[in-house]
Every structure is written in structure tokens, then in C-alpha cells.
2 protein chains.
Amino acid sequence: MKFEAVTIKDIAKALGISTSTVSRALRDSYEISPETKQLVLDCAETLNYRPNPIALSLKERRSRSIGVVVCEIANSFFSQVINGIESIAYDKGYNVIISQSHESYEREMMDLHYLSSRSVDGLLISLSTETNDISHLQALHQKGLPIVMFDRISDEIQTHCVVADNFKGAYEATEHLIQRGYKKIAAIANSEFLSITTERLAGYKEALHTYGHKYNNAYVKHCFYGGMVFSEIEEAVNKLFTLKQRPDAIITTSDKLTTGCLKTLVRRGIRVPEDIALVGFSNSDLAELLNPPLTVLRQPAMEMGRDATELLLQLIESKRPITQFEKRVLSPELILGHSSVPQPDLQLIK
Amino acid sequence: MKFEAVTIKDIAKALGISTSTVSRALRDSYEISPETKQLVLDCAETLNYRPNPIALSLKERRSRSIGVVVCEIANSFFSQVINGIESIAYDKGYNVIISQSHESYEREMMDLHYLSSRSVDGLLISLSTETNDISHLQALHQKGLPIVMFDRISDEIQTHCVVADNFKGAYEATEHLIQRGYKKIAAIANSEFLSITTERLAGYKEALHTYGHKYNNAYVKHCFYGGMVFSEIEEAVNKLFTLKQRPDAIITTSDKLTTGCLKTLVRRGIRVPEDIALVGFSNSDLAELLNPPLTVLRQPAMEMGRDATELLLQLIESKRPITQFEKRVLSPELILGHSSVPQPDLQLIK
DNA sequence: TTTTTTTACGCAAACGTTCCCGATAACGAT
DNA sequence: ATCGTTATCGGGAACGTTTGCGTAAAAAAA
């Protein structure tokens with residue numbers, strides 16, 4: 001069932017020379033005569049020699065692969081991030097090993113353990129919604145594993161980070177709703193553990209404050225599993241709708257929450273934006289095709305992936321330990337749809 | 001920048017015994033005394049020993065990793081397949097390396113070369129839309145690399161396959177449109193190279209034939225890049241709309257084509273299903289939220305991934321060469337939306 | 001007691017590669 | 001003739017692990 005790969009030994013044997021010579025010839029060392037080099041190169045060609053990356057990894061003590069931990073691939077934002085990661089890694093000859101936490105802390109730990117046992121050279125991670133304690137990451141980091149965090153970060157680890165300007169995004173989305181005349185703006189957010197939750201809610205609150213709206217705690221609902229469990233969103237929406245002061249707009253803080261919220265509203269027969277407006281973070285390509293076309297905050301996902309990977313490779317390939325860390329903050333983009341247009345205005349559009 | 005991992009040598013040195021003893025103790029060999037075993041185990045524990053998988057791979061000549069080649073991760077169908085693949089691989093201790101062809105033949109070749117040089121133990125692949133010649137795959141297969149194909153397969157390679165019942169799916173979708181009263185049903189399909197194209201169009205034609213509709217060649221448009229190039233879809237739609245006998249329904253044969261087609265129609269201000277009906281293959285979770293809610297053919301993606309992985313691991317772990325190959329055919333599911341409901345019926349629904 | 005068996009461990013090779021040290025030969029300089 | 005250079009190559013250790021074989025001591029059988 002196994003096919004025998006051709007090694008430098010085979011070339012050496014075929015040519016009657018030593019493996020060291022073959023190795024050096026292939027690496028174009030100066031101490032090999034041009035003739036021998038050519039001989040080796042030709043022989044390697046005809047035998048279809050491929051260097052064994054595993055032997056190389058063992059020798060050089062690096063695997064030329066990086067680990068990626070995200071909560072879900074089947075999520076527009078993360079799959080776009082991965083595209084960014086891949087594009088850079090591929091160019092630099094690095095292998096990308098992707099694993100999903102499925103928003104589970106336990107699973108994240110397993111992934112991390114798995115990746116480190118696979119001896120990846122570095123790690124890109126966006127924390128799971130359940131993750132509160134990051135001592136497992138700390139441990140890896142202190143052992144010297146280069147780590148770059150993106151999107152859902154933690155400042156308990158001193159390293160490079162790449163995030164969207166969550167505060168600004170949420171601020172602008174809320175401001176947008178206010179300017180459109182909405183008065184009672186609710187928020188459905190992720191787990192309180194997550195950095196994005198804190199930052200986005202802060203932007204939301206700040207916008208309310210700036211425009212003289214007062215913050216209502218009952219208007220903010222948290223979905224611990226970030227929408228992985230659908231009933232969570234249903235419950236959040238239900239609670240908002242049973243308030244005496246029913247909100248007239250909702251802002252959601254992540255992809256899954258946004259589409260999940262819309263799904264709940266649609267299934268309950270609540271009209272958007274006539275009954276309630278909706279604006280949310282989402283990187284779905286289908287936002288404009290939804291009913292109604294959604295006003296979304298789109299993160300520069302691909303770019304985030306690229307940036308994070310560049311920073312990681314920089315960390316990996318640096319000779320001396322790096323102590324100055326960078327936090328890149330990219331701007332999200334507010335893309336207008338119809339889900340945030342109050343009824344009178346809507347007539348004008350249609 | 002590198003952290004020194006603890007090896008069996010360290011344990012051996014610490015305990016004053018040989019590495020072979022340590023190795024055997026860790027593997028719970030019968031020829032090691034219980035006391036020594038305990039000693040080694042304890043020592044490994046305190047030193048936080050982790051076996052080096054690279055050294056193991058080199059020794060055992062297997063990497064315990066499988067390669068996956070799909071055209072795009074950011075595609076509901078494929079990300080769901082990957083979830084299925086991952087779930088099985090993870091259980092069996094296999095690593096999954098994902099790479100994307102982005103529907104490019106050249107890129108697929110590079111991916112394959114990369115994966116094989118990475119010495120994966122097996123390969124799961126769904127061909128790119130450009131792929132016409134599969135001699136590169138043949139070569140790998142003949143060298144003994146276990147391969148399982150899924151979704152977009154080729155019967156030029158004798159191996160396990162996992163596919164949806166494309167014929168039946170397309171037949172049922174077309175039948176559905178016919179029964180709803182549509183008379184002029186067009187199809188927007190993928191590259192003619194792809195197995196799914198042939199099979200799905202065959203189902204489409206068969207349904208037309210069964211119900212006495214005659215097949216019109218002008219009603220079938222191919223998108224060579226399967227919707228990766230958006231203009232392709234626009235062009236296909238435009239051509240259909242310039243026909244003297246304008247079609248009253250469209251069936252699309254893949255996820256990207258389905259949503260791309262809807263996007264084109266929406267942007268052109270064409271109403272669905274009032275002006276034209278739409279049914280397509282899609283695994284998007286958002287189908288029901290679209291405007292209009294889409295009637296889709298949903299493939300059992302997760303299950304396909306799981307099945308394919310099981311078959312692959314079976315191939316990999318088999319002692320003797322396998323000559324009997326299996327082709328698993330799973331049923332897609334027709335999920336009704338509003339995009340395939342003629343106008344009068346639509347009144348009733350609303 | 002002697003012989004055999006069992007128990008418990010070590011030595012060393014192997015996986016494919018790189019690279020530090022030599023080693024050899026040719027050649028010019030002394 | 002001797003020496004130092006230079007060019008070109010090979011030997012062998014090393015990366016971390018497993019494993020076949022050998023062997024000492026201990027236990028069991030004779």
C-alpha cells in the first residue's frame with residue numbers, strides 16, 4: 001500500500017557517489033564541481049526525486065506549517081480570513097493546518113494540544129466564545145511558540161494582534177440607526193468573555209451616549225454560544241419583544257447572530273424593517289440578496305488574514321526574540337441595505 | 001526563538017536508563033517491568049514529554065495526515081463537507097490539510113504537488129471546474145497514494161467515490177418546475193468537464209423528456225468558471241433573456257451559480273418568481289432568508305465528507321491492496337421556497 | 001548444583017536529510 | 001622535494017523515535 005519514494009541515497013547509488021555530495025549538489029553548494037552537479041540534477045530529474053519534507057523537518061526542527069484555530073469554517077468571515085492566511089502562507093512555502101473549535105473551550109484546548117503536538121511553527125487563533133481562561137495558550141506562548149491573535153483576542157498575552165475597529169464599527173452602525181430615527185435600539189451580542197463583545201458594545205453605548213439616548217440594560221442580550229445554538233437567539237429575540245418598551249431596532253455583533261436573528265424574525269413573521277430594524281456584523285456575500293437586503297458591517301476579513309499571517313511569519317523567522325508587539329486595527333465598512341430604513345423612507349426607495 | 005522540546009533522551013538521561021527502555025515503557029511493552037514503567041511514566045509526566053510526531057512520521061513512513069482539495073472553502077457545500085471530513089479524521093487521529101484550487105487547474109496541480117510532497121497518507125478531492133486532464137492525479141494514484149473522490153469525480157481513476165444523486169436531484173427539480181406549470185425551463189450549468197454537470201443536465205433533460213417538453217439547446221448555458229467570475233453568470237442570464245422565446249424558469253447546478261444567478265436577476269430588477277422562476281443546487285443556510293426564499297436542492301454535504309473520509313481511511317489502513325471500489329450515492333433533498341411558485345399560487349401563499 | 005527459561009534491559013540500526021570534519025589529489029610556489 | 005592552496009568529494013554524526021537482536025541477571029526447572 002506504500003509506494004517507495006526515491007531518496008538521495010538512490011541517486012548516490014545510481015551515480016556511485018556519496019549522499020553528502022548529492023545533498024550538496026542539490027543545494028547548489030560551491031564545493032561541488034559543475035559536472036557533478038549536472039549529473040546529480042539530471043539523475044534527480046529522471047528518477048523524479050522529491051525531497052522528503054518530514055526528514056527535513058526533523059533535521060531543521062521546524063515543520064514549515066502553521067496552525068489556525070477558528071470557531072467555524074462554515075462562516076463567511078472566517079473562511080475569508082482563511083483565504084487571506086492561505087494566500088500568504090502559500091507564497092512563503094508554509095503549510096496551513098486548520099482546526100475548528102466549534103465555539104467550545106474544550107475543543108479549542110484539544111485543537112491547541114493537537115497542533116502543538118504536530119509541532120507547528122506558529123499559531124493563528126481567534127478565541128472561542130466559551131474561552132475565558134487562556135492559560136493553555138499562555139503556556140504554549142511561554143514555551144516559545146509564536147502566536148498571533150486575530151478578531152477575538154486577549155490582551156493577557158503579549159503578542160501581535162489583528163482586529164477590526166470594533167468600537168468604531170458598532171459606533172457607526174448605532175449612529176446610523178439613530179440618524180435614521182430609531183429611538184429604542186437593542187443589541188444582541190456574543191459571550192461577555194470575548195474582546196469583540198466588549199468593544200462592540202462599547203461603541204454601541206458610546207453612540208447612544210453621544211446622541212443623548214440613554215442606555216438600557218434590558219436592551220442588551222448575550223448569546224453565550226454566539227448563535228451556534230439557535231434557540232439562544234430565539235430566546236434573546238423573544239425577551240426583547242416581551243419588554244413593555246419594545247425596541248425598534250436591533251444591532252447584532254457577529255455573522256451568525258445577524259443571520260440567526262433575521263431567521264428568527266422571519267420565522268416569527270416579524271417584518272424587517274417595518275416592525276424592527278436590523279443592522280449587524282456580517283461578511284456574507286448574500287447580504288444584499290436577503291429579505292430585506294441587510295445593512296451590514298463588513299470586516300476586511302481577507303486582509304486581516306493576510307496581515308496576521310505576515311506578522312506571524314515575521315515572528316517565526318526572526319532571529320532574535322521580538323519584544324515590541326503590534327496591534328493592527330482595520331476599519332470595517334458599513335454597507336447600507338434596506339433593513340435599517342424606517343417605513344416612510346422605505347416607501348421612497350421602492 | 002525555538003523552544004527545546006523534551007525527548008525520550010532526556011527521560012533516559014534523567015533516569016539513567018536507555019532510550020529503548022523509555023520508548024518501550026511509554027508504549028507499554030511487556031518486556032519492561034512495572035516499576036520501570038511507572039518511573040518512566042512519572043518522569044515523562046513531570047518533564048511534560050510530548051512525542052515528536054515528525055520523528056514518528058519519518059520512522060513509520062506515514063504522516064497521519066490526509067490532504068483535501070476543494071475549489072473554495074468559502075462555499076457552504078464545501079465547508080460542510082470539510083466539517084464531515086474533519087469529524088471523522090479527528091476521531092481517528094488524522095490531521096487534515098485543506099487546500100483550495102480556486103477552480104484553477106494549475107492551482108489544483110500545485111496543491112496536489114504540494115500535498116504529495118508533504119507526504120500525506122491519502123487524498124480527498126473534488127475536481128476544479130477547469131480540470132479536464134487528470135493525468136497528474138493518475139500518476140499519484142499509480143504510485144500508490146490512496147485517493148477518494150467526491151462530488152466532482154472522474155471515472156478515469158479506479159477508486160472509491162462519494163457523490164450526490166445528481167441525476168435524480170436535477171430530475172426532481174425540473175419535474176417540480178414542470179408540475180408548477182413552467183414551460184420554458186433553462187439551465188445554467190458548470191463547465192462541461194465536470195461530472196456533476198453531465199449528470200445534472202442529464203436529469204434535467206430526462207425530466208423534460210418524460211413530461212413531453214422538448215429540449216432546447218439554447219436554454220442551456222455553461223459557466224466555465226462556475227461562477228467564480230461573476231460576469232460569466234451575468235452573460236449567461238443576459239443571453240437567456242435576449243432569446244425570442246424567453247425562458248420562464250432557470251435551474252442552476254451549483255451553489256455559486258445559484259446565488260450568483262439570483263444576484264444577477266436582482267441587480268437587473270428581474271422579479272423572481274414573477275418574471276422568472278429559480279431552482280438551484282445550494283447548501284446555503286440562508287436560502288430561506290433570501291428574497292424570495294429559494295427552492296433549493298440541498299446535498300447531504302456533511303455526510304458526504306464523513307463517508308469519503310471513512311472510505312479513505314479504510315484504503316489507507318488496509319493491509320492488502322483493495323481492488324473492489326465503492327461508489328456511494330447520497331440523495332439530495334428538494335427544499336421548497338417561493339422562487340419556484342408561479343404568480344397565481346404566490347398570491348395564495350402571501 | 002547445573003541447566004534452562006524468563007525477565008528486563010541495552011546496543012545499534014534505521015527512517016531521509018544536512019553539515020561538520022576530514023581526506024585526497026592536483027597544482028603552483030617555494 | 002616540500003609545502004600551502006584549492007577544488008572536490010566522502011565519512012559519519014545528528015535530528016527523535018522504534019525495534020530486532022543480544023545479553024545479563026534472576027527465577028525456575030532439572
Side-chain angles (χ1 to χ4, degrees), chain A residues 1-41 43-44 47-65 93 116-121 143, chain B residues 1-41 43-44 47-65 93 116-121 143:
Chain A
M1 202 72 294
K2 293 270 77 172
F3 57 102
E4 301 304 325
V6 17
T7 73
I8 54 170
K9 285 187 185 175
D10 299 320
I11 300 180
K13 205 174 295 173
L15 262 42
I17 58 180
S18 80
T19 58
S20 359
T21 306
V22 175
S23 172
R24 270 184 277 251
L26 292 172
R27 314 207 116 237
D28 201 26
S29 160
Y30 69 96
E31 36 183 358
I32 302 297
S33 72
E35 300 82 44
T36 316
K37 265 182 199 166
Q38 198 53 52
L39 233 54
V40 171
L41 253 39
C43 185
L47 290 182
N48 194 28
Y49 166 77
R50 302 271 169 238
N52 183 326
I54 297 187
L56 252 167
S57 291
L58 182 59
K59 188 90 209 11
E60 302 190 338
R61 314 168 101 176
R62 60 191 317 216
S63 59
R64 282 207 159 270
S65 65
S116 71
S117 90
R118 270 296 180 187
S119 61
V120 291
D121 293 340
K143 280 211 297 184
Chain B
M1 203 70 288
K2 291 272 78 170
F3 57 101
E4 300 305 323
V6 17
T7 75
I8 53 171
K9 286 188 185 176
D10 299 321
I11 300 179
K13 205 173 297 174
L15 261 45
I17 58 180
S18 81
T19 59
S20 9
T21 306
V22 176
S23 172
R24 272 185 272 251
L26 292 172
R27 315 207 115 238
D28 202 26
S29 162
Y30 68 97
E31 36 182 358
I32 301 297
S33 73
E35 302 82 42
T36 318
K37 265 182 199 167
Q38 199 51 53
L39 234 53
V40 170
L41 253 39
C43 185
L47 290 183
N48 193 29
Y49 167 77
R50 303 273 169 236
N52 182 328
I54 297 188
L56 253 168
S57 291
L58 182 59
K59 188 95 216 348
E60 302 188 341
R61 312 168 100 180
R62 60 188 323 218
S63 59
R64 284 206 160 269
S65 65
S116 72
S117 90
R118 269 297 179 187
S119 62
V120 291
D121 293 340
K143 280 211 296 183

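From a predicted model like this one, the values you see are computed outputs, not experimental measurements. Chain letters run A, B, ... following the sequence lines, proteins first and then strands; every chain starts at 1.
- For Lys9(B) and dA14(D), the NZ to P distance is 7 Å, given to the nearest whole Å.
- Although no hydrogens or angles enter the test, the distance criterion places no donor-acceptor pair under 3.5 Å between the side chain of Ser23(A) and the main chain of Thr19(A).
- Between the P atom of dG16(C) and the NZ atom of Lys13(A) lies a distance of 10 Å, rounded to the nearest Å.
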Requested in this report: Walk me through it: do Leu15(B) and Val22(B) pass the test side-chain contact (heavy atoms from CB on, under 4.5 Å)?
Outcome: CA-CA 9 Å; Leu15(B) 261 45; Val22(B) 176; 5.7 Å; no
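- Atom CZ in Arg62(A) sits roughly 16 Å away from atom P in dG16(D) (whole-Å rounding).
- With rounding to whole Å, Asp10(B) atom CG is found 8 Å from dG16(D) atom P.
- Atom CD1 in Ile11(A) sits about 17 Å away from atom C1' in dG10(D), given to the nearest Å.
- Rounded to an integer number of Å, the gap from Glu31(B) CD to dT23(D) C1' is 13 Å.
- For the OP1/OP2 pair of dT17(C) and a distance below 4.0 Å, the side-chain nitrogens and oxygens of Tyr49(A) include at least one atom meeting the criterion.
- Using a 4.0 Å heavy-atom criterion, one finds that Ser23(A) contacts the bases of the nucleic acid, with or without backbone contacts as well.
- The nearest whole Å value for the distance from the CG atom in Leu56(B) to the P atom in dG16(C) is 15 Å.
- For Leu15(A) and dG10(D), the CG to P distance is 10 Å, given to the nearest whole Å.
- Considering only side-chain N and O atoms, Thr19(B) lies nowhere under 4.0 angstrom from the phosphate OP1 or OP2 of dT17(D).
- For the pair Ser18(A) and dG10(D), the criterion of a side-chain N or O lying under 4.0 Å from OP1 or OP2 is met.
- Here Arg24(A) does not reach the OP1 or OP2 of dT18(C): none of its side-chain N or O atoms lies under 4.0 Å away.
- Base contact: Ile8(B) has a heavy atom under 4.0 Å from a base atom.
- Between Thr36(A) and dC9(D), a side-chain N or O to OP1/OP2 separation shorter than 4.0 Å is present.
- No donor-acceptor pair under 3.5 Å is formed between the side chain of Ser29(A) and the backbone N or O of Ile32(A).
- Look at Ser20(A) and you won't find any side-chain N or O under 4.0 angstrom from OP1 or OP2 of dG11(D).
- The phosphate of dG16(C) has OP1 or OP2 within less than 4.0 Å of a side-chain N or O from Arg61(B).
- Considering only heavy atoms from C-beta on, Thr36(A) comes within 4.5 Å of Thr21(A) through its side chain.
- Taking side-chain N and O atoms only, Lys37(A) has no distance below 4.0 Å to OP1 or OP2 of dT8(D).
- Considering only the side chain of Leu58(A), dG16(C) comes nearest among dG20(D), dG16(C), dT18(D).
- When all heavy atoms of Asp121(A) and Ser63(A) are compared, the pair lying nearest together is OD1-N, 2.9 Å.
- Regarding contacts with the backbone of dG16(C), every side-chain N or O of Thr7(A) stays at 4.0 angstrom or more from both OP1 and OP2.
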Report task. Let me see the working for Leu56(B) and Asn52(B) under side-chain contact (heavy atoms from CB on, under 4.5 Å), right down to the final yes or no. Result -> CA-CA 6 Å; Leu56(B) 253 168; Asn52(B) 182 328; over 6 Å; no
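- Checking the phosphate oxygens (OP1, OP2) of dG16(C), no side-chain nitrogen or oxygen of Lys59(B) falls inside 4.0 Å.
- Counting non-hydrogen atoms under 4.0 angstrom, Ile17(B) reaches the backbone sugars and phosphates but no base.
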